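Predicted, not measured: the structure shown is a model, and the values here were computed from it. Scope of the values below: all heavy atoms of this structure, side chains included, with no hydrogens, waters or symmetry mates.
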Amino acid sequence: MTSSRLAPGAGIVTVPGGRPAVRTAEGEFLHLDTGTADLAALTRHLVGGEAAPDAEVARVAAAFEREGHAVRPGPEEGGALTGRTVLVLGDARLTGPLARYAAAEGARTRHATPEHVGRLADGEGADASTVVVWCLDEPAPPALWDAADRLPAHGTAWLRCHREGAHLWTEPLAAAPGDVTSAHVRLRRLAATSAHRQLAAYWAGHRTPDNGPHPGEAACALVAALLTADLLAWAAPGPGSGLPARRRLRRVDLRDLTVTEHPVLPVPPVAPLPGRGSGPA
C-alpha cells in the first residue's frame with residue numbers, strides 16, 4: 001500500500017517546549033494534535049515513506065490527507081503539463097527558455113510555423129491539449145495574429161508576447177470562445193490612451209527603426225517563467241481553471257525587470273454602424 005507523503009510545500013514544525021505544528025503550503029501554522037500517535041513515527045511515515053507502525057499513526061496520516069496536507073503519490077508522477085503539447089514560434093531568445101521550462105513540466109514542445117498555426121485556426125488538427133505560444137522581440141504588426149485569434153474557437157489554446165521599446169507585453173492566454181484575443185487587447189489599449197492615433201500608427205509601422213533594448217538572459221528567463229505560469233494555470237484541472245491568467249495583461253520593463261499587471265476583458269461584438277444613406281430619407 002502506498003504511504004502518505006507530505007504535500008508539496010507542507011511540513012511539520014517541532015516547537016521547543018510547545019506543541020508541534022503543521023506549516024501549510026500557503027504559509028499558515030496549525031496546531032498539531034497527534035493524540036496517542038508517536039510524532040517521530042508519524043514524521044517518518046509522512047517524510048520517509050515508512051509504513052504506519054500502528055492504527056494511531058495511520059489515523060493521523062489520514063487526517064493529513066483529508067485536509068490536503070498529505071498526498072499519496074501515483075505510480076507515475078509527471079509534471080503539471082504532462083499530456084500537453086506546446087507549439088512555439090517567434091524569436092528564439094524568448095521561445096528557447098520557454099520550451100525548456102515547459103518540457104521540464106512534462107509538456108511535449110514543438111516548433112511551429114505561421115502556416116501550421118493557420119491550419120489549426122481553420123480547425124485542421126485542432127486539439128484541446130495543445131497551446132500555441134508566439135513570442136516576438138518587436139511590436140506585433142497589424143493582422144499578424146488575426147488567424148491565431150481564431151484558435152480558441154476550435155479548441156486550441158493561444159498565448160503570446162511581444163516587445164514595444166523597453167516594454168515587453170505578455171497577453172492573456174485564450175483557451176475558449178469568449179476569451180481575450182490579441183485584437184481585444186489592441187482595442188482595450190487604444191481605448192485606454194489619449195494617444196490612440198499615435199499608438200495605432202506605431203503598431204502600423206510608421207516609426208523609426210527599432211533600436212531595442214532587446215531582452216537579456218535574465219529578462220528572457222523572467223518572461224519565459226511568466227508564460228509558463230500561465231500554461232500551468234491553463235493545464236490545472238477543474239472547471240474555470242486558469243481564468244485569472246485569461247484576464248491578465250502583463251508589462252515587463254526590460255530596464256529593471258519590474259512587472260505590472262492589468263486586468264483586461266474581452267470586447268463584446270457590436271453591430272456595425274449603418275452606412276451613409278442607409279437610414280430613412
Subject >> Selection residues 19-31 - residue pairs positive for salt bridge (charged side-chain N to carboxylate O under 4.0 Å, His left out), sequence neighbours left out >> reply: none
Is [X] reaching over with its side chain to a backbone N or O of [Y], donor-acceptor style, under 3.5 angstrom?
{"X": "R188", "Y": "L265", "value": "yes"}
{"X": "D127", "Y": "T130", "value": "no"}
{"X": "H45", "Y": "E50", "value": "yes"}
{"X": "D122", "Y": "R119", "value": "no"}
{"X": "D179", "Y": "P152", "value": "no"}
{"X": "H196", "Y": "T193", "value": "no"}

Within-4.5 Å side-chain heavy-atom neighbours: [X] and [Y]:
{"X": "T170", "Y": "R251", "answer": "no"}
{"X": "I12", "Y": "F64", "answer": "yes"}
{"X": "L231", "Y": "E105", "answer": "no"}
{"X": "R247", "Y": "P263", "answer": "no"}
{"X": "E124", "Y": "H154", "answer": "no"}
{"X": "Y202", "Y": "P139", "answer": "yes"}
{"X": "W158", "Y": "L120", "answer": "no"}
{"X": "C135", "Y": "V223", "answer": "no"}

Original post:
Considering the options L243, V180, D230, which one meets the side chain to side chain contact (heavy atoms under 4.5 Å, CB included) requirement together with P172?
Top reply: V180
Under 3.5 Å, sequence neighbours excluded: what are the donor-acceptor pairs made by side chains of residues 87-102?
| unit_1 | atom_1 | unit_2 | atom_2 | d |
| --- | --- | --- | --- | --- |
| D91 | OD2 | D137 | N | 2.6 |
| R93 | NE | D137 | OD2 | 3.4 |
| R93 | NH1 | P215 | O | 3.4 |
| T95 | OG1 | D91 | O | 3.3 |

Please say yes or no: joined through hydrophobic side-chain contacts below 4.5 Å, possibly via intermediate residues, are [X] and [Y] part of one cluster?
{"X": "V267", "Y": "V264", "value": "no"}
{"X": "V57", "Y": "L6", "value": "yes"}
{"X": "L226", "Y": "W234", "value": "yes"}
{"X": "L227", "Y": "L168", "value": "yes"}
{"X": "V185", "Y": "L173", "value": "no"}

Taking all non-hydrogen atoms of both residues into account, name the closest pair between [X] and [Y] and its distance.
{"X": "G178", "Y": "P266", "result": "O-CG, 2.9 Å"}
{"X": "P213", "Y": "L254", "result": "O-CD1, 3.4 Å"}
{"X": "G68", "Y": "A7", "result": "O-CB, 3.6 Å"}
{"X": "L42", "Y": "A61", "result": "CD1-N, 4.1 Å"}
{"X": "R59", "Y": "T34", "result": "NH2-O, 3.7 Å"}

**OP:** Could you point out which residue of R160, R248, R186 forms a salt bridge (Lys or Arg N to Asp or Glu O under 4.0 Å) with E171?
**Re:** R160
Original post:
Would you call R250 and E261 a salt bridge, taking side-chain N to carboxylate O under 4.0 Å as the test?
Top reply: yes
Subject >> Pair E164 + R189: basic N to acidic O under 4.0 Å >> reply: yes
**OP:** Under the side-chain contact (heavy atoms from CB on, under 4.5 Å) rule, what do L144 and W134 come out as? Steps first, then yes or no, please.
**Re:** CA-CA 11 Å; L144 178 66; W134 199 331; 4.0 Å; yes
**OP:** Take the angle between the ring planes of H162 and W145 and call it parallel below 30°, perpendicular above 60°, tilted in between.
**Re:** perpendicular
Original post:
Any side-chain donor paired with an acceptor under 3.5 Å for D253 and T258?
Top reply: no
Subject >> Gap separating the OG1 atom of T181 from the CG atom of L187, nearest 0.5 angstrom >> reply: 8.0 Å
Subject >> Euclidean distance, R197 CZ relative to L190 CG, rounded to 0.5 Å >> reply: 11.0 Å
Subject >> Residue pair R255, H167: steps toward the side-chain contact (heavy atoms from CB on, under 4.5 Å) verdict >> reply: CA-CA 8 Å; R255 296 163 295 190; H167 294 149; 3.6 Å; yes
